[in-house]
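Report on the structure given below.
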Amino acid sequence: MTGPLVPFREFVLKVHSRCDLACDHCYVYEHADQSWRTRPRTISDEAISWTSRRLAEHAATHALPSLTVILHGGEPLLAGPARLRRVCEELGSALDGIAELDLRIHTNGVQLSPRYLDLFDEFGVRVGISLDGDRAANDRHRRFADGRTSHPLVLRAVDLLHQERYRHLDLGLLCTVDVRNDPVAVHDALAGLKPPLVDFLLPHATWDEPPPRPEGSATAYADWLLAVFDRWTEQGRPVPVRLFSSVLSTLGGGPGLTESLGLAPTDLVVIETDGQLEQVDSLKSAYEGAASTGFDVFRNSFDEVAAHPGVRARQLGLAGVSGTCRRCPVVRSCGGGLYTHRYRAADGFDNPSVYCEDLAALVRGIEDRTAAATESPAVRAPSELAAAQQDLTRTLLAALHHELGGRGSEVWDASWRLAGELEGSAGGARALDAVLAHPYTRTWLLDTLRALRDGRDPAGLPTERLAVSVAAAALRAGLDLSVPVTYRDGRVYLPTLGEARIAGPGEEGTAVVRTAGGVFLVRREGAADLRVVPGPADGPRWRPVRALRPAPAAGPVLDDLDPHRDCFGTAAAERLGPAEADAWARGLADAWALLEDAVPVQAAEAAAAITTLTPLASGPAGPGRHGYGGLGAVLTADARELALGLLSGFRRAKLKALTEVTDLYASDGAWRHRAPWQDESVPFSRLLSETFERAGLGLFEPRFLAGVPEALDMIEKAAEPTVDGKQLLALLRKEISGTHGTTGRNGGKTVPISRATRRTS
């Protein structure tokens with residue numbers, strides 16, 4: 001197997017190999033591997049010392065900031081307080097100055113006492129307790145060898161852990177599912193204890209030893225878990241449930257949160273009481289020796305274990321699941337199930353999980369129950385997309401202020417304060433929104449953030465953009481505000497408005513712009529005040545951003561001035577002359593008339609969304625690198641060609657804007673898809689973008705619809721789409737069938753620029 005070595009970050013340390021309960025579903029004592037019988041009961045001093053040494057070696061080799069060590073068994077509390085103290089001391093001492101140590105212990109709770117908890121408090125050992133629900137559920141499996149119940153003792157342990165002095169040590173509860181138990185009673189019993197987390201675990205089983213299925217139901221475990229999910233939702237999700245959180249995360253495009261689900265590579269190794277190094281414990285359910293590596297802490301490093309074929313097989317992610325799983329649309333969420341549960345003697349682990357139908361039903365059941373509540377309104381409503389984009393811009397602005405961390409210039413500090421003043425008035429806030437919505441504001445923000453994070457000196461970055469944005473907003477709102485600005489080459493550009501010449505060519509410095517009554521005064525040290533009157537035509541002191549009228553009625557401005565407009569992958573044209581600008585207005589009017597006649601729904605949406613058109617020196621129409629609402633284009637003599645280019649650019653701009661505010665897909669590139677209109681296999685992102693564009697163009701020119709229905713079928717069967725991706729797919733189907741509308745609720749609220757709430761890169 002190829003690929004880089006994945007270091008271990010989680011270590012299960014067996015401190016005692018026996019247990020004081022006789023749980024009949026335990027993989028250690030009741031399943032195929034019986035190696036526990038030959039292990040020492042308690043870990044030796046030598047094994048502790050070598051384990052500590054190997055941990056420090058591994059952390060140093062891979063520069064790991066932290067390691068998690070889980071004290072385990074058997075029942076780890078049977079090792080006794082003195083032995084556990086020795087373990088904690090040795091581990092902590094070995095890793096001191098190398099990596100943070102996250103110590104945990106998983107226990108049945110029967111032996112837990114203040115003596116243990118005081119020890120755990122001293123070393124920061126957090127405690128997870130196994131409990132299968134109410135007394136009836138817990139007594140079904142978790143009993144003493146003589147049949148006595150363990151339930152009261154476990155509840156006593158939970159109560160003890162919840163005392164104020166120990167509450168910070170509580171990791172939560174682990175519950176093994178038994179479908180004969182009442183799911184609502186189990187949920188209520190666990191949730192009633194108010195743990196910080198509940199982890200539901202499917203009982204270990206393989207294709208050779210399948211799990212019990214009352215009445216032969218293929219989805220008995222999914223049905224049981226969905227009943228818990230429904231109760232959990234009905235009760236307002238009173239406690240976090242890792243299994244449900246993992247499914248919800250993956251449905252939205254996020255990572256899996258548990259080894260039982262998802263495709264994240266394993267980074268766990270087990271150290272037995274005799275120092276033997278083994279793979280994950282659950283493999284003991286497969287066959288005798290399944291977890292064995294042949295290594296031990298006395299002779300071998302953890303890197304040697306990480307290179308073991310069995311370990312590498314569980315680090316392959318999608319490549320490590322069966323062909324059946326790779327073709328399944330829910331594989332991103334279920335991950336093929338726990339590795340152990342795929343085992344069959346005839347063909348090893350190259351199978352779907354023995355819980356395959358359960359996992360598929362669970363994922364689809366949770367998706368069906370939550371899709372309406374978790375879908376992003378930005379996908380359905382153009383107004384919501386615009387609001388989400390504004391939210392993102394303000395978030396980026398707040399992130400830039402944070403990154404500057406007081407290293408900004410006096411001009412930046414003053415403009416940040418003045419922006420806050422603008423937001424204090426309705427007119428000022430609306431005007432600032434309009435200026436920040438200018439698409440090249442986003443280009444400036446992202447370029448500046450990237451430069452700062454690359455270590456560039458803030459003094460050399462164009463942070464003055466905020467100041468001129470504030471000045472432009474104050475001028476638009478008719479407010480009297482004095483704004484210090486920086487000018488370069490004798491010019492000040494006011495976004496969305498135009499450019500003022502306030503000094504000679506090549507000159508740069510700082511000036512104060514005072515806005516009032518639709519004009520502004522410019523004061524420079526050592527120079528006479530200048531009065532600049534913005535107008536619709538070029539003059540000696542002022543060059544405007546031109547409005548493209550008469551069409552579209554609410555259409556874009558022609559911005560050939562913005563210093564950040566070069567973001568289209570080809571050079572932007574220089575300032576147009578009056579005749580060229582008039583030609584643009586006529587050409588756009590003709591093109592837009594064609595769009596309004598052929599695709600009125602798209603034309604109306606595009607007219608509202610496209611705020612800025614920048615003439616390009618060459619190349620096709622398209623969106624810029626950043627910022628919704630900006631298109632670059634070359635004027636063509638053929639109105640239909642220009643209309644097609646504008647529609648194409650708008651479709652690409654919209655899809656790009658959607659991907660900036662929500663996840664439409666995940667695991668892009670993990671699969672390849674052959675689009676109906678080409679022989680080349682492409683990643684999902686390209687299939688989606690081409691399908692989205694062609695669906696829109698096909699309503700204008702039907703030839704582009706060829707293959708679109710087939711592509712939509714491919715997307716529907718793919719594993720990559722998230723909940724929002726599937727919502728977009730449904731809208732595309734409606735669109736090409738002529739039933740898609742444009743109305744939507746406008747519930748978006750502006751986020752203050754002082755608070756970042758979404759993506760910042």
Side-chain angles (χ1 to χ4, degrees), residues 10-23 25-30 33 35-52 55 67-92 101-132 141-142 144-145 150 153-154 156-158 160-161 166 169-176 195 197 199 201 268-278 280-282 284 291 297:
E10 190 168 305
F11 303 80
V12 174
L13 179 59
K14 299 294 190 74
V15 295
H16 201 279
S17 65
R18 304 298 191 268
C19 190
D20 45 2
L21 293 182
C23 306
H25 58 6
C26 180
Y27 59 84
V28 174
Y29 304 109
E30 301 297 332
D33 190 311
S35 58
W36 64 274
R37 297 180 183 277
T38 64
R39 308 280 191 205
R41 287 179 175 270
T42 307
I43 191 170
S44 68
D45 288 346
E46 184 183 16
I48 295 170
S49 296
W50 274 101
T51 297
S52 301
L55 286 170
L67 296 178
T68 297
V69 177
I70 302 169
L71 308 181
H72 213 283
E75 170 48 50
L77 295 184
L78 292 178
R83 178 94 327 208
L84 291 176
R85 174 177 290 278
R86 175 68 181 271
V87 170
C88 295
E89 288 176 341
E90 290 240 15
L91 294 177
L101 175 60
D102 175 12
L103 270 173
R104 306 178 179 194
I105 189 166
H106 286 175
T107 173
N108 61 34
V110 169
Q111 302 286 333
L112 197 64
S113 68
R115 184 182 181 190
Y116 281 112
L117 288 173
D118 287 339
L119 172 67
F120 298 156
D121 185 31
E122 181 182 347
F123 290 97
V125 182
R126 292 185 291 166
V127 183
I129 294 178
S130 296
L131 178 64
D132 287 350
H141 300 288
R142 296 187 180 277
F144 289 96
S150 65
L153 294 174
V154 181
R156 181 189 60 80
V158 172
L160 184 61
L161 188 56
Y166 302 132
L169 301 176
D170 191 3
L171 268 179
L173 301 174
L174 290 81
C175 172
T176 300
L197 181 72
D199 214 352
L201 308 174
L268 179 147
V269 64
V270 178
I271 305 104
E272 289 284 355
T273 55
D274 58 0
Q276 294 291 311
L277 296 171
E278 295 200 337
V280 64
D281 251 6
S282 62
K284 296 180 186 296
V297 293

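Please read these numbers as outputs of a predicted model, since none were measured by experiment. We use all heavy atoms of the structure for the numbers below, so side chains are in, but hydrogens, waters and symmetry mates are not.
- Between Gly109 and Ala157, the shortest heavy-atom distance links the atoms O-CB, 3.2 Å.
- With a 4.5 Å cut-off on side-chain heavy atoms, Arg104 and Leu171 count as touching.
- Here Ser17 contributes atom OG and Arg39 contributes atom CZ; the two are 8.5 Å apart, rounded to the nearest 0.5 Å.
- When the side-chain hydrogen bond (donor to acceptor under 3.5 Å, both in side chains) test is applied to Asp118, the partners found at least two apart in sequence or on another chain are Tyr166.
- Residues meeting the side-chain hydrogen bond (donor to acceptor under 3.5 Å, both in side chains) test with Gln111, sequence neighbours left out: Asp20.
- In summary, of the residues considered (Leu112, Val87, Leu169, Leu71), a side-chain contact (heavy atoms from CB on, under 4.5 Å) with Ile105 occurs for Leu71 alone.
- Checked options Asp102, Leu103, Val12; the residue passing with Thr68 is Asp102 (criterion: side-chain contact (heavy atoms from CB on, under 4.5 Å)).
- Closest approach of Gly172 to Pro195, counting heavy atoms only: CA-CB, 4.2 Å.
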From CA spacing to verdict: side-chain contact (heavy atoms from CB on, under 4.5 Å), Leu119, Val125: CA-CA 8 Å; Leu119 172 67; Val125 182; over 6 Å; no
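- Expressed to the nearest 0.5 Å, how far OG of Ser49 lies from CZ of Arg86 amounts to 5.0 Å.
- In terms of the salt bridge (Lys or Arg N to Asp or Glu O under 4.0 Å) criterion, Asp121 has no residue partners (sequence neighbours excluded).
- Residues satisfying the side-chain contact (heavy atoms from CB on, under 4.5 Å) test with Arg83, not counting sequence neighbours, are Thr42, Ile43, Asp45, Ile48, Ala79.
- When the side-chain hydrogen bond (donor to acceptor under 3.5 Å, both in side chains) test is applied to Thr51, no partner is found at least two apart in sequence or on another chain.
- When atom types are taken as modelled, the side chain of Glu75 and the backbone of Asn108 share a donor-acceptor pair closer than 3.5 angstrom.
- Counting only residues at least two apart or in different chains, ring pair (Phe, Tyr, Trp, His ring centres under 6.0 Å) contacts with residues 104-129 comprise His72-His106.
- Partners of Asp199 according to the salt bridge (Lys or Arg N to Asp or Glu O under 4.0 Å) rule, which considers only residues two or more places apart in sequence or in another chain, are Arg242.
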side-chain contact (heavy atoms from CB on, under 4.5 Å) assessment of Leu78 paired with Arg41: CA-CA 9 Å; Leu78 292 178; Arg41 287 179 175 270; over 6 Å; no
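- Side-chain atoms of Lys14 do not come within 3.5 Å of backbone N or O of Ile271 as any donor-acceptor pair.
- Annotation: salt bridge (Lys or Arg N to Asp or Glu O under 4.0 Å) contacts of Glu10 (sequence neighbours excluded): none.
- Nearest heavy-atom pair, Leu21 versus Ser150, reported as atom, atom and distance to 0.1 Å: CD2-CB, 3.8 Å.
- With hydrogens and angles ignored, the 3.5 Å screen pairs no side-chain donor or acceptor of Asp274 with any backbone N or O of Pro40.
- When side chains are defined from C-beta on, His16 does not count as touching Leu84, because their heavy atoms never get closer than 4.5 Å.
- Here the shortest heavy-atom pairing between Val15 and Thr273 reads C-CG2, 3.9 Å.
- When the side-chain hydrogen bond (donor to acceptor under 3.5 Å, both in side chains) test is applied to Glu122, the partners found at least two apart in sequence or on another chain are Arg85.
- Distance check: Leu101 CG to Ser52 OG gives 9.0 Å after rounding to the nearest 0.5 Å.
- Contact detail for Gly73 and Pro76: the closest heavy-atom pair is N-CD, 3.9 Å.
- Listed by chain and residue number, Leu161, His162, Pro196 satisfy the side-chain contact (heavy atoms from CB on, under 4.5 Å) test with Asp170 (two or more places apart in sequence, or in another chain).
- At a threshold of 4.5 Å between non-hydrogen side-chain atoms, the residues Leu173 and Val158 count as touching.
- Taking Leu153 as the reference, Val110, Phe144, Arg156 meet the side-chain contact (heavy atoms from CB on, under 4.5 Å) condition, with sequence neighbours excluded.
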Ile129 vs Thr107, side-chain contact (heavy atoms from CB on, under 4.5 Å): CA-CA, chis, key distance, verdict: CA-CA 5 Å; Ile129 294 178; Thr107 173; 4.2 Å; yes
